[in-house]
Protein chains: 2
Amino acid sequence: MDKKTEQKKVFLEIVQQLRQLIKMEKIQAGEKLPSERVLSERLGVGRSSVREALRSLELLGLIETRHGGGTFLASTHKHQLVEILSMFILEDEKSKKDVELTRQIHEMEAIRVISCTETLRTLPVWDSFFVKLEIEGTINCRDILRELLITTGNRLSLKIWFQLAAYDGDRLNRNSTEDEKLIIQTMLKSMQLGYEKEALKAYEQWMSTVQSI
Amino acid sequence: MDKKTEQKKVFLEIVQQLRQLIKMEKIQAGEKLPSERVLSERLGVGRSSVREALRSLELLGLIETRHGGGTFLASTHKHQLVEILSMFILEDEKSKKDVELTRQIHEMEAIRVISCTETLRTLPVWDSFFVKLEIEGTINCRDILRELLITTGNRLSLKIWFQLAAYDGDRLNRNSTEDEKLIIQTMLKSMQLGYEKEALKAYEQWMSTVQSI
DNA sequence: TCAAAAAAGTGGTCTGACCACTTTTTAACG
DNA sequence: CGTTAAAAAGTGGTCAGACCACTTTTTTGA
């Protein structure tokens, strides 16, 4: 029946055991795991085997290790995952374009969802962005987009977005220019009013200016 | 500048070196990699370190190892990845819903792109689906959705979709029911004619029926 | 010629050791 | 008594060697 279970894959069993241990001990995100030596004793396996499992989980971004400090359950899931996969699968310029497009897919969907949901588009946070724009004259581009994703409540979409945004480098993580200010205001205003199409139009206009940066 | 590079992460460097080696040696999918002992010598590191890197890549499904046989570049990407991630991250019902929603985000975007692109929406493949539906009376749901993603040409979006669809289990990987037939036909026809809204409407209708399965 | 046995190759695992770094404890000083 | 510096303990990082289980290749012998 269950081929995956009947397969040996001792190394995967350790991963599973680790998960059980985390659940049993009720280890929360950011908290410390038992040391490698303790784990190897408790699980009845060699330290090497424990390390192989831990290293795998680290590559997935599920745990963090600090030299001399210990091993910790990842607080913010840095899914280096996409990064690693991209290293193997996505190599050329075309792929970089794909990353940008895919990121925008999630952003646009967020705009759609928010625009169409009364309880989301009337959130105070959008007003706060307006105020910030008026007073300081500028705002961090990435912050706005992140807030869009957070607001939708889709945690998985948010996680994927984080990865894609990280891959994009600092092109997003910067303050808005004078030219962008008006566009962003239009986008936010349209969103608040539930004008999905207008909001998306402003977004696309915004992204085309980002493109040229 | 480049924080990620200046970070130590020796273990990640080995992963990178492995990638270079694969590229240099022009190792194709399914082919054999050098043995662990050879790798450890060529890379100038201990066998344990090589193994930690290999085990990580195995967890990602990028390589396969056969006891006594050797290590091979994965031919078909088995998405153990989703399985592992789901084990740690996706535990509650809310998360499962997120997976479904996120998958649909990519599917809907594909429909939009195809509907708005003359060269994509007039592709012969859509006619082939029509024919298949007429002759056999049914069609694999997953096949259609996959074709949508493939057609857009966004490989990253496709990759993400694959993983999400794999997590969804066999709810998609099945033949369409009689009820679905008409909806799918409507969706495809609307797409071919460039009626984005109608295509999306049919898609949403389709998904709501899938929901109840 | 071919099948069985032996050898070589390879991954799987464990042990022990040493290093580098961090955290905790202890000791010394003011 | 409190503060600080030194020592100790804890922890991850890496390596080397050994042995086992399994697969592949080579050799042997009928």
Side-chain angles (χ1 to χ4, degrees), chain A residues 3-18 21-22 25 27 29-75 78 80 84, chain B residues 3-18 21-22 25 27 29-75 78 80 84:
Chain A
K3 291 175 184 176
K4 287 165 190 172
T5 306
E6 78 187 17
Q7 274 178 3
K8 291 154 195 175
K9 295 291 173 192
V10 189
F11 135 82
L12 280 180
E13 279 177 23
I14 296 180
V15 172
Q16 183 108 10
Q17 281 181 315
L18 279 175
L21 188 142
I22 289 171
E25 304 279 332
I27 299 173
E31 289 182 357
K32 197 171 176 181
L33 267 63
S35 75
E36 296 178 352
R37 289 169 178 85
V38 171
L39 282 175
S40 100
E41 193 177 350
R42 286 183 53 176
L43 301 181
V45 296
R47 194 181 153 210
S48 327
S49 301
V50 170
R51 279 185 62 81
E52 288 181 13
L54 288 178
R55 240 29 66 212
S56 302
L57 296 181
E58 185 180 8
L59 192 67
L60 286 177
L62 295 171
I63 60 172
E64 290 176 1
T65 51
R66 300 169 202 162
H67 191 177
T71 306
F72 301 80
L73 203 56
S75 46
K78 300 175 184 173
Q80 299 155 302
I84 299 295
Chain B
K3 292 174 185 175
K4 288 165 189 172
T5 306
E6 78 187 18
Q7 273 178 3
K8 290 149 197 176
K9 296 291 173 192
V10 190
F11 134 83
L12 281 180
E13 280 178 23
I14 296 180
V15 172
Q16 183 109 12
Q17 282 181 316
L18 279 174
L21 187 142
I22 290 171
E25 305 277 334
I27 299 173
E31 289 183 357
K32 196 172 177 181
L33 267 62
S35 74
E36 296 179 352
R37 290 169 177 83
V38 171
L39 282 176
S40 101
E41 194 177 350
R42 284 183 54 175
L43 301 181
V45 296
R47 194 181 153 209
S48 323
S49 300
V50 170
R51 279 186 62 80
E52 289 182 12
L54 288 177
R55 238 31 65 214
S56 302
L57 296 181
E58 185 180 8
L59 193 65
L60 286 177
L62 293 171
I63 60 171
E64 290 175 0
T65 52
R66 300 169 203 163
H67 191 178
T71 307
F72 301 81
L73 203 55
S75 46
K78 299 177 184 173
Q80 302 160 295
I84 299 293

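To find a chain, count down the sequence lines: A is the first, B the second, and so on, and within it residues start at 1. The structure presented is a predicted model; accordingly, all values stated were derived computationally and were not measured.
By the salt bridge (charged side-chain N to carboxylate O under 4.0 Å, His left out) test, B:Glu41 is found to be paired with no residue, residues two or more places apart in sequence or in another chain being considered. Listed by chain and number, the residues in a side chain to side chain contact (heavy atoms under 4.5 Å, CB included) with B:Glu36 are B:Arg47, B:Arg51, B:Leu54, B:Arg55 (sequence neighbours excluded). The salt bridge (charged side-chain N to carboxylate O under 4.0 Å, His left out) search around A:Arg66 returns none, not counting sequence neighbours. Listed by chain and number, the residues in a salt bridge (charged side-chain N to carboxylate O under 4.0 Å, His left out) with B:Glu31 amount to none (sequence neighbours excluded). Judged as a salt bridge (charged side-chain N to carboxylate O under 4.0 Å, His left out), and not counting sequence neighbours, the contacts of A:Arg42 are A:Glu25. Applying the side chain to side chain contact (heavy atoms under 4.5 Å, CB included) rule to B:Ser48 yields no partners; only residues at least two apart in sequence or on another chain are considered.
How far CD1 of B:Ile63 is from CZ of B:Phe72: 11.0 Å, rounded to the nearest 0.5 Å.
For B:Glu41 and C:dT10, the CD to C1' distance is 15 Å, given to the nearest whole Å. Distance CD (A:Glu58) to P (D:dG12): 11 Å, rounded to an integer number of Å. Look at CG on B:Leu43: it is 17 Å from C1' on D:dG13, rounded to the nearest Å. One can place CG of A:Leu39 at 10 Å from P of D:dT11, the figure rounded to the nearest angstrom. Here D:dG10 presents its C1' atom at 8 Å from NZ of A:Lys32, a figure rounded to the nearest Å. Distance, A:Glu64 CD to C:dT22 C1': 16 Å, rounded to whole Å. Rounded to an integer number of Å, the gap from CG of A:Leu59 to P of D:dG13 is 14 Å. Between the CD atom of A:Glu36 and the P atom of D:dA9 there is a distance of 21 Å, rounded to whole Å.
Contact annotation for B:Ser40: no contact, since no heavy-atom pair falls under 4.0 Å across all strands.
Contacts between residues 49-56 of chain B and DNA chain C, defined by a heavy-atom separation below 4.0 Å, involve B:Arg51, B:Arg55, listed by number.
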>> What verdict does the side-chain contact (heavy atoms from CB on, under 4.5 Å) test give for A:Leu57 and A:Leu18, after you've listed the backbone C-alpha separation in whole Å, the side-chain angles of each residue and the deciding distance to 0.1 Å?
In response: CA-CA 10 Å; A:Leu57 296 181; A:Leu18 279 175; 3.9 Å; yes

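In this structure, A:Gly68 and A:Ser48 both approach DNA chain D, and ranking their closest nucleotides by distance from the 5' end singles out A:Gly68.
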Identify each atom pair where a protein N or O and an N or O of nucleotides 17-19 of chain C are less than 3.5 Å apart, giving names and distance.
unit_1 : atom_1 : unit_2  : atom_2 : d
C:dA17 : N6     : A:Arg47 : NH1    : 3.4

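Between B:Thr65 and the phosphate of C:dT10, there is no side-chain N or O to OP1/OP2 separation shorter than 4.0 Å.
Side-chain contact between A:Leu21 and A:Leu39 is present, with at least one heavy-atom pair separated by less than 4.5 Å.
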